[in-house]
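Working notes, structure below.
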Amino acid sequence: MTRLNRPEVYGIVFVVALVVGAILVAGANPFEVARAAVQRALFTRAGFLEALLRTVPLTIMGLGIALSFRAGVFNIGMDGQLIAGSALAVALAPWLPGGAAGIALFLALGIAGGAAWGGIAGLIKARLGGNEIITTIMLTYVATQLLSWLVRGPMQEKMRIIPRSDPIDAALRLPVIVEGTRIHAGFLVAVLAVVATAFVVRRGRYGFKLDVVGQNASAAAYAGMNPAAIAGMVLAVSGGFAGLAGAVEISGVYGRLQEGFAPGFGISAIAVALVVRLNPWLVPVSALGFSLLYAGLGSVAQKALVPFPLITIIEGAVVFLFLAASVMPARVPAGAKSDG
Amino acid sequence: MDEILFVSAVLAAGIRLATPIMLAALGETLGQRSGVINVGIEGIMLVGAFVAVLGAVETGSPWAGLALAMLAGAAMGAIHAYFSVVLKAEQIVAGIALLFLGIGLSGYGYRLTLGASGTAAAIPGFRPLDVLGLAGVPGIGPILFGQQALVYLTFAAAIAMAWMFSSTRLGVIVKAVGEYPAAAASAGIGVDRVRFACVSVGGALAGAGGAFLSIAHLWGFVEGMTAGRGFLAIACVVLARWSPLAAIAVALLFGIADALQIRVQSMMPGVPYQFFVIAPYLVAIAAVGIGSRTAMPAALGKPFRPGGR
């Protein structure tokens, strides 16, 4: 581990140079960009609160990614699963009771919708061996189009002006937990999700199965497990996380269904989970880090220092850095070893 | 007669819509045959699409735009190859990082250059050919003689690649590296070098696919304009069982589905358009469901470590 592996150093230098080069090409000073981003994200109230708010869905989705990638199942379609869960929850919201039970049911519907959408890819994977990378991303395109139809068709607001749904009942909204901010009880949902996931991964039989299937599918089959069925189930479960994130965003922040309310969160969640080697305890830390990056760079982009897609370049660079920095045996889910 | 014209128009458009997928699928076939999965070709296509437009505008020549897009694609492929072949990192994860990089670089570059000016720059794009003056022949004319030059080149590339795999020493080397890397290495073949080259050339082909979208099919770049075609290309490769010619055929299926949905959409204005737009994606999902469970290159996705793991 201590040996300085030269090719990896080249990789790291290249990736850093790429990001710095991109900023220089825009005619900006990298230090100035970094300073402005840090200033906004850490030392302004608005920037920090914006980051905290984004941490909630990114944490929940990052947990779903951690579970699925641990099993060697590459669910890259969480954005579609998030849409499916959100749409189902909002569609059935009028029939829900108010209060805590109603909110719980609303979130459960989100989980169900996301799990169903992920479950389609899961079924194709388990029964037919269809590659989940392709099916989950295709299902995301399908979900995006269906959402576009829903908010202009059957689920559009009564006024029929803007492509969005009517607001859900105020009794179904997650309450604000920090006076004077938009920080809502979804925070507690995220904390619960972290603890539950960590418990399952570390102690549960299910977590053990995930790791075995992820590391060596034939050994898992020999031990009487059914890797295909487990992989299929993993897609449904991680889809449930995406749906939960969507329902939390709607109940906690937006209050209604609309297009593009969680832009690219499913893809960002992959970077979030990978960087902490799929360790559930560290997912919220990583989610906060990326959220701070978003909040900081968003404001830098608004000041026209650099275009906003720099954030996506940095996300890619961070994953490459992680790959270069970790001495990772091929095809073994990261983090599986250190968890013992 | 109307039916013939309809079929002709759908086929001609289907070939055009399939070409970017074909090019990317050929690139991915080459890489996967050598043992490397690249799930980031969507990102490479986006970079290709952007660089092609920028290059064509700056030089005034679509061919220069295409060449630059292929160079950029090769560079993106080389990044993937560096991480997955040289560093032997997890290939799927490296591909995902490449996807981020492609989305980011293309959007970033576009907003810095062409997207920065309010007015749309005039883009010198490719025009369809009129081969032997027969493009106007009803029925087969638009299909066979009225396509873009790149379409003919794509079919030529597919045939060349099929021939390479079936009848050349180079093809044997690539297949050996993908199937039996240890045997190839003991025969004196530089496994990592071959893989690096294949993934880079594959990147160039994906870059060309992106270029077709932005300077031949449409004239202009829009962020995210590939709309999943890179992933459709991966589906083609798997469904075609790693055969270049079959990959062309599967891509054609997706292209025709796309062309059909556009036609039928305009014929049925009462039905929400979104139901038609999802057609190619549904075809892809169904195809992946039906056509999987195949024998893939034995060493696909596995880094080669001399002397075993």
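Just so it is clear, the values below take in all heavy atoms, side chains as well, and ignore hydrogens, waters and symmetry mates. Remember, it's a predicted structure, so these values are computed and weren't measured experimentally.
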Closest non-hydrogen atom pair, [X] against [Y]:
X	Y	value
B:Leu101	A:Ala317	CD1-N, 4.3 Å
A:Val142	B:Ile278	CA-CG2, 3.8 Å
B:Gln274	A:Ser148	NE2-OG, 2.7 Å
A:Ala26	B:Leu112	CB-CD2, 3.6 Å

So do [Y] and [X] actually touch side chain to side chain, heavy atoms under 4.5 Å?
X	Y	value
B:Leu87	A:Leu323	no
B:Ile96	A:Val319	no
A:Val15	B:Phe83	yes
A:Gln145	B:Phe275	no
B:Val277	A:Tyr141	no
A:Phe69	B:Ile92	no
A:Phe320	B:Phe100	no
B:Tyr281	A:Ile137	no

[atom1]/[X] to [atom2]/[Y] distance, rounded to the nearest 0.5 angstrom?
X	Y	atom1	atom2	value
A:Leu128	B:Ile290	CG	CD1	8.5 Å
B:Tyr82	A:Tyr10	OH	OH	7.0 Å
B:Arg111	A:Leu310	CZ	CG	11.0 Å
B:Leu99	A:Ile133	CG	CD1	10.5 Å
A:Leu18	B:Ile79	CG	CD1	6.0 Å

What part of [X] is in contact with chain B, defined as an atom under 4.5 angstrom from a non-hydrogen atom: side chain, backbone, both or neither?
X	result
A:Ile313	both
A:Ala271	both
A:Ile134	side chain
A:Ile314	neither
A:Phe308	both

Worksheet item: Most heavy-atom pairs under 4.5 angstrom with chain A, which of B:Ala94, B:Ala284, B:Ala279?
Response: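 Sorted descending by pairs with chain A, the first entry is B:Ala94.
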Discussion item. Quick check on the interface: out of B:Leu98, B:Ile103, B:Val86, who has the most heavy-atom pairs with chain A under 4.5 Å?
Written reply: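 Option with the greatest count: B:Leu98.
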Practice prompt. Decide if atom OH of B:Tyr180 counts as having more than 12 heavy atoms of other residues, nucleotides or ligands within a radius under 6.0 Å.
Written response: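 Counting other residues, nucleotides and ligands, OH of B:Tyr180 stays at 12 neighbours or fewer.
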Worksheet item: Looking at A:Gly316, A:Ser268, A:Gly153, A:Pro309, which one has more heavy-atom pairs under 4.5 Å with chain B than the rest?
Response: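 So the answer, after comparing A:Gly316, A:Ser268, A:Gly153, A:Pro309, is A:Pro309.
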Discussion item. Using heavy-atom distances under 4.5 Å, tell me whether B:Phe231 contacts chain A through its side chain, its backbone, both, or neither.
Written reply: both
